[in-house]
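These notes are about the structure you will find just below.
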Protein chains: 2
Amino acid sequence: MKNRDCRGHLWWHGRFRGCGYRITLGREAILEVLSRANQHLSAEDIYIKVHPMYPNIGLTTVYRTLDVLVDLGLVFKFDFGDKRARYELAEGPKGAHHHHHLICTNCKRVIDYTDFIDEEVELLNQTEKGLSKKYNFMITNHLIQFYGLCDKCNNKK
Amino acid sequence: MKNRDCRGHLWWHGRFRGCGYRITLGREAILEVLSRANQHLSAEDIYIKVHPMYPNIGLTTVYRTLDVLVDLGLVFKFDFGDKRARYELAEGPKGAHHHHHLICTNCKRVIDYTDFIDEEVELLNQTEKGLSKKYNFMITNHLIQFYGLCDKCNNKK
DNA sequence: ATTATAATGATAATGGTTGTCATTAACAAT
DNA sequence: ATTGTTAATGACAACCATTATCATTATAAT
């Protein structure tokens, strides 16, 4: 019996087992790819990268696995305004690679930035506390994105 | 000749004309609906609401108009994780109804909140300045969303 | 090894959003 | 007001990322 709302602090094997999920080669491979990638990947990106190490994998399985990982909070899913979702390994606000995104609305380029993250996170913590209490909402995650024109697109105009 | 990157300070008739766009009944109707709605609407929501006052409108036109409005910065487009995009009339950070979103990842309910907005916006302004300079990025907009479980979904578990 | 059931892969289906193109409407110039 | 240029529209088809289906296979507890 599975339970997607199982949150814990163990790394994913334990987390998986504890929630009734099974550990498979496909899932190993997908998490391997996500760990190595230091950028957001689409489902298809992942599919292509997983293929060499586990050729039998299907795109459907990639989607299903990502779905589970997102529900477990191990992976973040992003929408950058083009049509496809992007995924990256979740790292808590304290994580070394925690970052936010700067998105060019013209060329869809995405810049990861880590500057100002500390201040942002500090403020967000306060806000989260307030919101949790007021709306009785259990906040598990946040999203901050800035939109605008990147240098190249800005210069063209 | 049209130019989507035309940004100004006039209300939309002027803005439209200034950018080479034409004012049509359909567009009037769509903006009317958006102004009256104090919640985010999907393209289809808008289509249905516009129909009574302008029955000839097509869904395609709704999408096209929203597209223009988003590009002009008059409307914000949101992704709340279900499949359809939501739209709401843009109000600058100083606007009376400026708000951010609290999204339940379980039932997809969306709560608008205005609390803490001032502090958030204050911080974001600083961040924007820093990012603009460092990445030579012209920031026009930002998105903040919190994810978690709403009271109902939280109690069920 | 057996068994219960979760995971998979192939494939079809879904459905929000876009593209196409002939027709109509807006508006500037006359 | 009439005309001419070009943007906007509507009907419909196409797109394509994501999901659902279902028979088969693999995991892991017993």
Return the value, rounded to whole Å, for the distance between atom CG of B/Leu25 and atom C1' of C/dC27. 14 Å
B/Glu44 CD to C/dT14 C1', in whole Å, measures 14 Å
Go through D/dG10, C/dA4, D/dA7 for me and flag the one nearest to the B/Tyr54 side chain. D/dG10
Under 3.5 Å donor-acceptor pair, A/Thr60 side-chain atoms to C/dT11 base atoms: yes
Would you kindly give the CG-to-P distance between A/Leu59 and D/dA20, to the nearest whole Å? 15 Å
Comparing A/Tyr21 with A/Arg84, nearest DNA chain D nucleotide closer to 5' gives the residue A/Arg84
Take B/Tyr87 and B/Arg17, find for each the nucleotide of DNA chain C with the closest heavy atom, and name the residue whose nucleotide sits nearer the 5' end. B/Tyr87
Salt bridge between A/Lys83 and A/Asp79, side-chain N to carboxylate O under 4.0 Å? no
Of all the nucleotides listed (C/dT18, D/dT27, D/dT19), which has the minimum atom distance to the side chain of A/Lys83? C/dT18
With a 4.5 Å heavy-atom cut-off, do A/Tyr147 and B/Ile139 have their side chains touching? no
Could you give the OH-to-C1' distance, from A/Tyr47 to D/dC16, as a whole number of Å? 16 Å
Is there a donor on the side chain of A/Arg64 or the base of C/dG9 sitting less than 3.5 Å from an acceptor on the other? yes
With a 4.0 Å cutoff (strictly under), does any side-chain N or O of B/Arg27 reach OP1 or OP2 of D/dT9? yes
Residue set satisfying ring-ring contact (aromatic ring centres under 6.0 Å, His included) with A/Phe78, at least two apart, ordered chain then number -> A/Phe80, A/His101
Heavy-atom nearest nucleotide on DNA chain C taken for B/Tyr63 and for A/Thr65; more 5' hit belongs to A/Thr65
Between A/Ile23 (CD1) and C/dT5 (C1'), how many Å, whole number? 16 Å
Among D/dT5, C/dA7, C/dT17, the one nearest any side-chain atom of B/Arg22 is D/dT5
Roughly how many Å is it from CG in A/Asn56 to C1' in D/dT25, rounded to a whole number? 11 Å
Using 4.0 Å as the upper bound for N to carboxylate O, is an ion pair formed by A/Arg84 and A/Asp45? no
Establish, yes or no, whether a centroid distance under 6.0 Å links the rings of B/His100 and A/His142. no
In whole angstroms, how far is the C1' atom of C/dT8 from the CG atom of A/Asp67? 15 Å
Please check the phosphate of C/dG9 (OP1 and OP2 only) for any side-chain N or O of A/Thr61 closer than 4.0 Å. yes
Nearest-Å distance, CG (A/Asp45) to P (D/dT18)? 11 Å
